[in-house]
K.L.:
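Quick one: the structure is below, questions incoming.
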Number of protein chains: 2
Amino acid sequence: MGVPCRPILSYVEQLGDQLASDLAVSVVRLARHLRGRRQGAPVSLTQLSAMSILRSEGPMSPGQMAAQERVQPPSMTRVIASLVDLGYINRDPHPTDGRQVVVSLSPAGEAILEDETHAREAWLRNQLSQLDEASVAAVRTAIDAFDKMVANSD
Amino acid sequence: MGVPCRPILSYVEQLGDQLASDLAVSVVRLARHLRGRRQGAPVSLTQLSAMSILRSEGPMSPGQMAAQERVQPPSMTRVIASLVDLGYINRDPHPTDGRQVVVSLSPAGEAILEDETHAREAWLRNQLSQLDEASVAAVRTAIDAFDKMVANSD
DNA sequence: TATTGTTATACTCTATAACTATA
DNA sequence: TATAGTTATAGAGTATAACAATA
């Protein structure tokens with residue numbers, strides 16, 4: 001009890017550990033919150049995230065989508081199926097390779113994505129608006145860092 | 001198609017929308033990643049988060065834990081049950097109110113929490129170490145902002 | 001009657017393993 | 001035989017509704 005003795009780690013390394021631990025807990029809590037706040041929304045954050053890949057990168061195969069989102073192919077299969085059911089994406093045969101399919105945003109999907117970006121997330125937008133300017137800038141920088149970290153995860 | 005016409009929103013408001021939307025997607029992706037990277041760890045991030053509340057705030061009732069973590073009581077009941085099974089927390093009767101129970105970290109729980117903080121999250125620590133100093137500072141500030149936002153969510 | 005917590009149940013998200021179809 | 005995708009199945013995490021025990 002009290003202060004643990006861990007001479008193997010330097011002070012700086014311990015700070016890094018603490019930061020990583022704090023970030024993990026904090027991000028998981030915020031993510032839980034954001035998911036919970038979307039009840040009644042037309043699409044979940046998982047679905048939104050998948051659609052946003054299609055918007056930024058264009059039509060692609062389920063396998064490519066899974067790789068981009070860093071999920072396993074069967075997970076993406078389910079997300080795609082749900083979005084096809086909703087009419088927000090299309091699932092077309094690949095022109096030359098009969099094994100592949102091509103997934104693309106439908107006009108309805110583009111519309112809902114635009115809508116969600118500009119008119120939803122009211123809670124989060126409100127919270128962000130209460131931060132000072134420096135914090136908002138920090139959040140912006142942190143988002144880039146998060147995206148880079150996930151992209152680097154190979 | 002093309003640029004949608006939304007004269008109701010000012011440019012600044014649109015930036016706020018975009019930030020909120022980017023943040024939501026980014027946080028959910030990172031959270032998914034962090035959860036996935038903990039396979040084989042003794043406790044999940046959900047469990048770790050619950051334990052960290054007990055460490056920072058001391059023993060409390062399941063209801064208080066649920067409120068702190070912003071989950072519904074039945075969700076916390078399950079997390080608590082799993083941690084009791086693992087021997088990381090204790091569940092004792094309240095001294096004066098027979099309806100309540102008091103949840104506290106066990107010595108094994110304190111040890112594992114210390115361990116997780118200082119020796120785990122290797123992937124995340126490594127990613128953080130690759131950021132420049134300004135980005136690390138931004139992440140630190142962003143964590144505080146996230147925690148504040150979740151705490152403000154009433 | 002109000003409060004605290006649990007049980008029952010269901011849904012979402014994700015994974016692994018096994019399978020089908022095509023190359 | 002290798003690749004792309006799906007189906008089958010399971011487990012974690014969360015919620016709501018209904019219940020039991022105590023105040």
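None of these values were measured; they are calculated from a predicted model.
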K.L.:
Please check: side-chain N/O of A:Arg55 versus main-chain N/O of A:Glu110, any donor-acceptor pairing under 3.5 Å?
P.N.:
no
K.L.:
Summarise how protein sits on nucleotides 13-20 of chain C as a single string, 5' to 3': B when a protein heavy atom is under 4.0 Å from the base, S for sugar-phosphate-only contact, - for no contact.
P.N.:
BBBBB---
K.L.:
Identify whether any heavy atom of A:Ser61 sits under 4.0 Å from a base atom; if not, whether one sits that close to sugar-phosphate; answer base, sugar-phosphate or nothing.
P.N.:
sugar-phosphate
K.L.:
Under a 3.5 Å distance rule, please check whether B:Gln47 uses its side chain to pair with a backbone N or O of B:Ser44 as donor and acceptor.
P.N.:
yes
K.L.:
Could you tell me how far apart B:Met76 (CE) and D:dA12 (P) are, to the nearest whole angstrom?
P.N.:
17 Å
K.L.:
Where the side chain of B:Ser49 meets the backbone of B:Thr46, is there a donor-acceptor pair that is under 3.5 Å apart?
P.N.:
no
K.L.:
In this structure, which one of B:Leu113, B:Asn90, B:Ile53, B:Leu83 forms a side-chain contact (heavy atoms from CB on, under 4.5 Å) with B:Leu105?
P.N.:
B:Leu113
K.L.:
For DNA chain C, what residues of residues 90-102 of chain B have any heavy atom nearer than 4.0 Å?
P.N.:
B:Arg91, B:Arg99, B:Gln100, B:Val101
K.L.:
Round to a whole Å and report the spacing from CG of A:Asp85 to C1' of C:dC11.
P.N.:
16 Å
K.L.:
Let me see the working for A:Glu69 and B:Arg29 under salt bridge (charged side-chain N to carboxylate O under 4.0 Å, His left out), right down to the final yes or no.
P.N.:
CA-CA 7 Å; A:Glu69 284 284 272; B:Arg29 273 186 200 149; 2.5 Å; yes
K.L.:
For the pair B:Glu116 and B:Met51, evaluate side-chain contact (heavy atoms from CB on, under 4.5 Å) and give the outcome as yes or no after the intermediate values.
P.N.:
CA-CA 11 Å; B:Glu116 291 295 304; B:Met51 286 199 287; over 6 Å; no
K.L.:
Rounded to whole angstrom units, what separation is found between the CD1 atom of B:Ile80 and the P atom of C:dT4?
P.N.:
14 Å
K.L.:
Provide, to the nearest angstrom, the distance between the CG atom belonging to B:Leu86 and the C1' atom belonging to D:dA12.
P.N.:
13 Å
K.L.:
Does the B:Asp132 side chain pair with the main chain of B:Ala134, one donor and one acceptor, at a distance under 3.5 Å?
P.N.:
yes
K.L.:
So, OP1 or OP2 of C:dT6: does either fall under 4.0 Å of a side-chain N or O from B:Thr77?
P.N.:
yes
K.L.:
Tell me the interatomic distance from B:Leu83, atom CG, to D:dA12, atom P, rounded to whole angstroms.
P.N.:
13 Å
K.L.:
Starting from C1' on C:dT4, measure out to CE on B:Met65 and report it in whole angstrom.
P.N.:
15 Å
K.L.:
Just by modelled atom types, is the B:Gln18 backbone N or O under 3.5 Å from a matching donor or acceptor in the B:Ser21 side chain?
P.N.:
no
K.L.:
Just by distance, no angles: are the side chains of A:Asp147 and B:Ser26 close enough, under 3.5 Å, to form a donor-acceptor pair?
P.N.:
yes
